[in-house]
Undergrad: 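The structure's right below; bear with me while I get my questions together.
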Amino acid sequence: MLLLQLLVNGIVTGCALGVVAVSFALVYATTRIFHIAHAGVYTLGGYLAWSLLAHGVPEPLALLGAMAGCTVLGAAIQHFLYAPLERRRATHLIVLIASLGALAVIQNLIAAVYSSDILEFTIPWASAVVTLGGLRLTGAQLATLALSLAAFVGMLWFAHRTLLGKRIRAVASNPFLAEITRLEPRAVYVTVIAIASAVVCIPGVLVPLDLGLQPYGGVTPLLTATIAMIAGGVGSLGGAFLFAVVIVVLQNLSLLVMPGEWSIGVTFAIFVVFMLFRPRGLFAAG
Amino acid sequence: MDYFYSYLILAEIYVLLGLSTNLLVGVVGIFSVSQAAVFGVGAYIVSDFLLSGTLSFLPALAVAAVACIVLNVLLTLPSLRVSGDYFVVTSFGIQLLATAVFTNWTGGTGGANGLPGVPPPDLFGFPLEETRQILGFTTVAAGLGCLAFWLAMRAPYGRLLKAIREDELAVAAAGKDVLRAKVSAAALAGAFAGVAGGVYATYMSFIDPSSFDLDASVLLLTMVVVGGARTLAGSIVGPFVLLALPQLLQLVAIPTTVAASARQLLYGVLLIAFAVFRPQGLAGERL
Amino acid sequence: MILELAGVAAGYGSKTVVSDLSFGVEPGQIVALLGHNGAGKTTTLKTVMGLIAPRAGEVRFDGQALGRMPVAERVARGIRLLPEGRGIFPDLTVAENIDVVAARTGAQGAMLKPADVYALFPVLDERRATRSGSMSGGQQQMLAFGLAILGTPRCLMLDEPSIGLQPNLVERLFGQVRDVCRAHGMAALLVEQNVAAAMGLADRVVIMNNGRIVFEGLPEEARASNVWHYF
């Protein structure tokens, strides 16, 4: 029974991190920027929702408001940081450094405003427990599962069925041709980061319902998400989501044999195995 | 006066770390946020040997240097096999994993409580207990590190590394061993970090995981970015400037509760500002 | 003249690749731009497209100097480029390729709509749902040509369109280029290694060597003259 409970917990959290992975993968496949600051956008989402709730905003509106805030932040990072760097022909390394700088700024502004200690994020229905044949699921877990799956399916639908989604995939597939067929890659980059930021806000709000808010809490989820993206094969949104679930399930199952402090080791071991045997990932395109 | 000496000693230790990070980030050209982890391994190894009395300072320092050489080479190898972005993942992973080990492996590291009472450094049985003696020692150590870096950069080996950075494929096509050149740079970087760790632990006499966490790695990267890549001057200027900044922050009345985040915030701002406006840093070459 | 270059010089970094380029293309006309590797042909096309800024001289389109007009605006006015070897979005299906480009280049009264491209290349119609990168080289090049002419192209630049194609496919593709030019008054500027095929298609020939024009005239004049030592 413990095994089953850990499995279910892993799937729930895995779906949330799957959304982080899919949103990161969309940015990476399109812009080729390893958007480290995405971890900061994720973290900000939770804090914004917390503040809005504290000011009496109804829950769905708080989520939407937080998503709007994340969208603005993401678009601003592209417009005011990545785009000027591209115009200055900055090297890839410099873009990474700037992205890390943006993450440090976001995290520490949050810490300065809200304190660097863990902040409890409690909503009455979120801690209510539903029992399903011996399995215990909290309201937060049910919401996480439903919203994360919806976000994932929505992203796939958007990328393949809408004109904007196709345009984004076209830019990712051949940026040079996109430039000379008027797809305007630079405008697409802003759009992609804006959308990914709105989407990553969803797990950014849901995961802290369980674990609480912490200004530096975005780094580990982002690490898991990037490993999932690489293991799934860059360019495959489905692969990124699937592997996020697999990794988090393995992390949870590892609790049977070792304490939770070492779960980062499990995540990293999966990455090393892929680096050694299949560096292009399992579902790499092309 | 002691306060000023302490600043000099720490800055000199960080010069060694700056050289180490500069070798990886500037010279080999890989993104690293895990150099504090290697630094920490050096610090814990020396502390454990001295606290248990198994080895005296210099032999312990030598063991730490060798261990960190091996470790740094192992950590860098994946970056030479896969594309640059994957090394970002490796680097973050190593750092988070190292923090987990430092915090949770109580047997070797004292866990979150750290290791108190690390004996002061000694040279062939003469303990260096006075601050000025330690300053002399760190000055010699940092000076030797700078000399090694300077010699390596102007030797044919340094020119080979420069050529690799400019056109790796052409160098490989000319029959030069690119992998070996990069691995030896990583090895040198490991030695610097290991020695810095040992000296740091014995000077502070207390170490805990907070000195070797992700924030510390970001600080090291900031030192290289602010100082400037690939030059000796850059590797020296970075640590001296960055360690002086928190003192300036103290002049501004910032509540102590946010002092740590204010400091990290400043590093973030510096990373962004230098990346956008001055990628060559104060005294280096373009990254 | 739909397209006119007057004393254009261009290059990358500190290197000037082409200089003193002056020639023009009339509506409906096909001009072949020939020369060996490194003569500066692709650089010329990129300069017209706005991907590199000219260092001297002027590119005029439809009588108007283009200056630093952005690429997207040039595309909207009808300057098109079929790039060498990478003219499709390989991860998208055929239909997605066409839809996404048509949406950005083919406004209401477009000259060539998706239906026209499918009519020109029925095989693309059959393979609408196929991932374009998995098609044969010939089919990929048909799709690339189709993408390049969607909307209202007034001057199409083709960069080595025959590379990797069998001779009979080259003949068919060039025939379709000619048909579109004749039917819609579209001008074409053709960069080619396959000199024989290009001379067969072109109305005029411009030959470049080391970044300069060394010959301009009719194909028969080129055949008769002593320019062939440049190849």
Side-chain angles (χ1 to χ4, degrees), chain A residues 28 32-34 36-37 39-40 80-81 84-85 88 90-113 115-117 215-216 219-220 222-227 229-230 234 259-265 267-269 271-272 274-276 279-280, chain B residues 25-26 29-31 33 77-79 81-101 103-105 213-215 217-219 221-222 224-225 229 254-255 257-277 279 286-287:
Chain A
Y28 185 62
R32 294 281 143 190
I33 294 170
F34 203 91
I36 302 170
F80 294 110
L81 190 58
L85 285 172
R88 286 161 193 258
T91 58
H92 201 71
L93 188 60
I94 279 289
V95 178
L96 281 172
I97 288 170
S99 190
L100 180 71
L103 173 63
V105 167
I106 299 168
Q107 285 178 338
N108 291 295
L109 278 179
I110 292 175
V113 173
S115 111
S116 53
D117 300 327
Y216 310 99
V219 175
T220 308
L222 189 80
L223 183 71
T224 308
T226 52
I227 292 174
M229 176 188 81
I230 290 169
V234 173
E261 301 93 80
W262 301 108
S263 67
I264 181 77
T267 315
F268 198 61
F271 175 69
V272 171
F274 268 90
M275 281 304 94
L276 292 177
R280 286 179 54 79
Chain B
V25 178
I30 53 182
F31 178 85
V33 281
L77 274 176
S79 80
R81 185 182 146 79
V82 297
S83 92
D85 286 333
Y86 294 4
F87 193 68
V88 182
V89 180
T90 315
S91 197
F92 270 101
I94 293 291
Q95 181 59 59
L96 295 183
L97 192 59
T99 303
V101 172
T103 317
N104 299 309
W105 184 39
D213 61 6
L214 184 59
D215 286 349
S217 279
V218 173
L219 169 62
L221 187 63
T222 314
V224 172
V225 172
I254 291 178
T257 45
V258 296
S261 30
R263 206 170 54 230
Q264 289 298 129
L265 178 67
L266 179 66
Y267 301 154
V269 171
L270 286 173
L271 283 177
I272 293 176
F274 275 83
V276 175
F277 299 111
R286 274 184 81 96
L287 264 171

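Just so it is clear, the structure is predicted and the values come from calculations on it, not from any experiment. In what follows, every chain begins at residue 1, and chains take the letters A, B, ... in the order their sequences are listed. Both backbone and side-chain heavy atoms feed into the values below; hydrogens, waters and symmetry mates do not.
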Undergrad: Non-hydrogen atoms of chain A under 4.5 Å away: do they reach the side chain of B:Val88, the backbone, both or neither?
TA: side chain
Undergrad: Find the distance between CG (B:Asp85) and CZ (A:Arg32) and round it off to the nearest 0.5 Å.
TA: 8.5 Å
Undergrad: For A:Ile264 and B:Ala100, work out which heavy atoms get closest and say how close.
TA: CG2-CB, 3.8 Å
Undergrad: If every non-hydrogen atom of A:Ile230 is compared with every non-hydrogen atom of B:Tyr86, which pair is closest and at what distance?
TA: CD1-CD1, 3.6 Å
Undergrad: Name the atoms and distances for all side-chain donor-acceptor pairs under 3.5 Å in residues 100-113 of chain A, with sequence neighbours left out.
TA:
| unit_1 | atom_1 | unit_2 | atom_2 | d |
| --- | --- | --- | --- | --- |
| A:Asn108 | OD1 | A:Tyr216 | OH | 2.7 |
| A:Asn108 | ND2 | A:Ala104 | O | 2.7 |

Undergrad: What residue in A:Leu85, A:Thr226, A:Leu96, A:Thr91 has the most heavy-atom pairs under 4.5 Å with chain B?
TA: A:Leu96
Undergrad: What's the shortest heavy-atom distance between B:Phe92 and A:Ile36, and which atoms?
TA: CZ-CG2, 3.8 Å
Undergrad: Distance from A:Thr220 atom OG1 to B:Leu96 atom CG, nearest 0.5 Å?
TA: 5.0 Å
Undergrad: Check each atom of B:Leu221 against the heavy atoms of chain A and say whether the ones under 4.5 Å are side chain, backbone, both or neither.
TA: side chain
Undergrad: Just to verify, which of B:Leu287, B:Val33, B:Thr222 counts as forming a side-chain contact (heavy atoms from CB on, under 4.5 Å) with A:Ile97?
TA: B:Leu287
Undergrad: Nearest heavy-atom pair of B:Pro279 and A:Ile94: which atoms, and what distance?
TA: CB-CD1, 3.9 Å
Undergrad: So which residue, B:Ile30, B:Val101, B:Leu214, ends up with the most heavy-atom pairs under 4.5 Å with chain A?
TA: B:Val101
Undergrad: So which atom in A:Trp262 and which in B:Asn104 form the shortest heavy-atom distance, rounded to 0.1 Å?
TA: CZ2-CB, 3.6 Å
Undergrad: Ignoring hydrogens, what is the shortest heavy-atom contact between B:Arg286 and A:Arg88? Give both atom names and the distance.
TA: NH2-O, 4.0 Å
Undergrad: Which of the residues A:Ile227, A:Leu81, A:Val219, A:Leu222 is involved in the greatest number of heavy-atom pairs with chain B at under 4.5 angstrom?
TA: A:Val219
Undergrad: Is B:Val225 in contact with chain A via its backbone, its side chain, both, or neither, using a 4.5 Å heavy-atom distance?
TA: side chain
